[in-house]
Number of protein chains: 2
Amino acid sequence: MARLPLYLRALTSLAERDVTTVSSEELAETAGVNSAKLRKDLSYLGSYGTRGVGYEVEFLRHQISREIGLTQDWAVVIVGIGNLGHALANYGGFASRGFRIAALIDADPQRTGEEVAGLKVRHGDELEKVVTELNIAIGVIATPARAAQSVCDRLVAAGITSILNFAPAVVQVPEGVDLRKVDLSTELQILAYHEQRKNGSALALTAEQAVELAKAVRG
Amino acid sequence: MARLPLYLRALTSLAERDVTTVSSEELAETAGVNSAKLRKDLSYLGSYGTRGVGYEVEFLRHQISREIGLTQDWAVVIVGIGNLGHALANYGGFASRGFRIAALIDADPQRTGEEVAGLKVRHGDELEKVVTELNIAIGVIATPARAAQSVCDRLVAAGITSILNFAPAVVQVPEGVDLRKVDLSTELQILAYHEQRKNGSALALTAEQAVELAKAVRG
DNA sequence: GGGTGTGAAGCTATTCACAGCA
DNA sequence: TGCTGTGAATAGCTTCACACCC
């Protein structure tokens, strides 16, 4: 369930404020969701709450961590060490959540050997070797769009079944491989779509439409 | 509709290959969705296809661009010029889609004045001024988690109603403000969740569960 | 024939509302 | 009494299947 990480974060934030017990209502508010939805989600994990009281923050946090698989350590390879690859390699939020950046790969021989975030960048040819030797579980694609599919194919061929794609390209994977994508300009486009609707609804009408609307409003 | 950017990208990729006409089946395949879904989505924009023929690539591309609002130019401010802010500022995919990075802001006085992606980084105090003067439509939060809510509040107060949050924090916005979030470690956590299920399904059973399972299988 | 546009069916996710337990 | 856990109701989304048009 895609909301578990959200609940986990909300619980962490509560734990930092030394809250020990929380109701579904409060936790839902913190996480920004409906309380019935939260209770239903949590009930799939088991009955971890106490009626009349709520949930114990630390206990629930541990249960969710275990459910997600954060109690083990996942080795990640980042392919494509451009601007974004750099940022991802240096992003501090991974280590604390059980993700370990184990290798960095770039096709550009100029970059090979360069040190980024304490790791030497390795050449594209070594991809398969790196995946096997370091027991990589998750591949991150941060290459330009044109390279994404072939990098993805090679990751899959090397045995990786979980891939996070940042390249702005449609990438196909075989059955059994999980592909998630994060697309920066898609997100902006969705915002722009709504923004346009907010500001432009009246202004964007053609003269004809305005007349029609005026008629309709008058009844 | 959140899939329009996906279709737009598929159409662009087809246009680059000089395809002029495409069926819903082909376009759906390119975009990685079901063809019935694609036809239904497109039908909301209007009847832009021709029965027995398909859709004209350039025409449809223009219609979708217009629908999303990509025919106008959107000024974007990035707040927080760390690793990620840098990467976003330098990301080439925005300009070509009608998004113009108009300003960069960082709270650290050390960074103020530094030039990133051809723009001078401005100090946090100037946020409201920058938003008003440059007619900013979209705010991007790339700060650490602890600063996210206050940056968001200030963006909203300055009149921005579309915000993209990269900080790993739950951020609340008032009614009428669109907030989208991109969370890198959440994405990895979702992958880890599935990965765990794939590899560990049998191994992760306790002895008792294994016995139960064996019984159930035998009927 | 070929392929869009769309009602209808099916499915999944969300919300309601309350029984049941601390 | 207060709050969880959950059946039932609802809403939203996806897919099917075919009428209709080029």
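Both backbone and side-chain heavy atoms feed into the values below; hydrogens, waters and symmetry mates do not. Keep in mind the model is a prediction, meaning the values are calculated, not measured. In what follows, chains carry the letters A, B, and so on, assigned in the order in which the sequence lines appear, proteins first and then strands, with residues in each chain numbered from 1.
Proximity of a side-chain donor or acceptor of A:Q149 to a complementary backbone N or O of A:Q172 within less than 3.5 Å is detected. In this structure, A:D106 contributes its side chain and A:I81 its backbone to a donor-acceptor pair below 3.5 Å. In this structure, A:H62 contributes its side chain and A:E58 its backbone to no donor-acceptor pair below 3.5 Å. A donor-acceptor distance shorter than 3.5 angstrom exists from the side chain of A:E26 to the backbone of A:S23, with no hydrogens or angles considered.
Phosphate contact (OP1/OP2 of D:dG5, side-chain N/O of A:Y55, threshold under 4.0 Å): present. For D:dC13, neither phosphate oxygen OP1 nor OP2 lies less than 4.0 angstrom from any side-chain nitrogen or oxygen of B:R3.
Screening residues 27-57 of chain B for ring pair (Phe, Tyr, Trp, His ring centres under 6.0 Å) gives B:Y48-B:F59 as the qualifying pairs, with residues at least two apart or on separate chains.
For the pair B:R39 CZ and D:dT14 P, the interatomic distance rounds to 15 Å; values are reported in whole Å. Rounded to whole Å, the distance from OH on B:Y44 to C1' on C:dG5 is 11 Å. We find that CG of B:L60 is positioned 11 Å from P of C:dT4, with the value rounded to whole Å. Separating the CG atom of A:L42 from the P atom of D:dC3 is a distance of 16 Å, rounded to the nearest angstrom. Atom CD of A:E56 is separated from atom C1' of D:dT4 by 15 Å (rounded to the nearest Å). One interatomic measurement links the two molecules: CG of B:D41 to P of D:dC13, which rounds to 10 Å at whole-angstrom precision.
Proximity of residues 14-38 of chain A to DNA chain C (heavy atom under 4.0 angstrom from any strand atom) is restricted to A:N34, A:A36, A:K37.
Between A:R197 and B:E67 there is a salt bridge, since a side-chain N of the basic residue sits under 4.0 Å from a carboxylate O of the acidic one.
A:Q196 contributes atom CD, which lies 6.5 Å from atom OG1 of B:T71 (distance to the nearest 0.5 angstrom).
For the pair B:F166/B:L88, a side-chain contact is recorded, criterion being any heavy-atom separation below 4.5 Å from C-beta on.
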Polar atom pairs (N or O), protein with nucleotides 20-22 of chain D, under 3.5 Å:
{"residue": "D:dC20", "atom": "O2", "partner": "B:R51", "partner atom": "NH1", "Å": "2.9"}
{"residue": "D:dC22", "atom": "O4'", "partner": "B:R51", "partner atom": "O", "Å": "3.3"}

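A donor and an acceptor atom, one from each side chain of A:Y91 and B:N83, are nowhere located under 3.5 Å apart.
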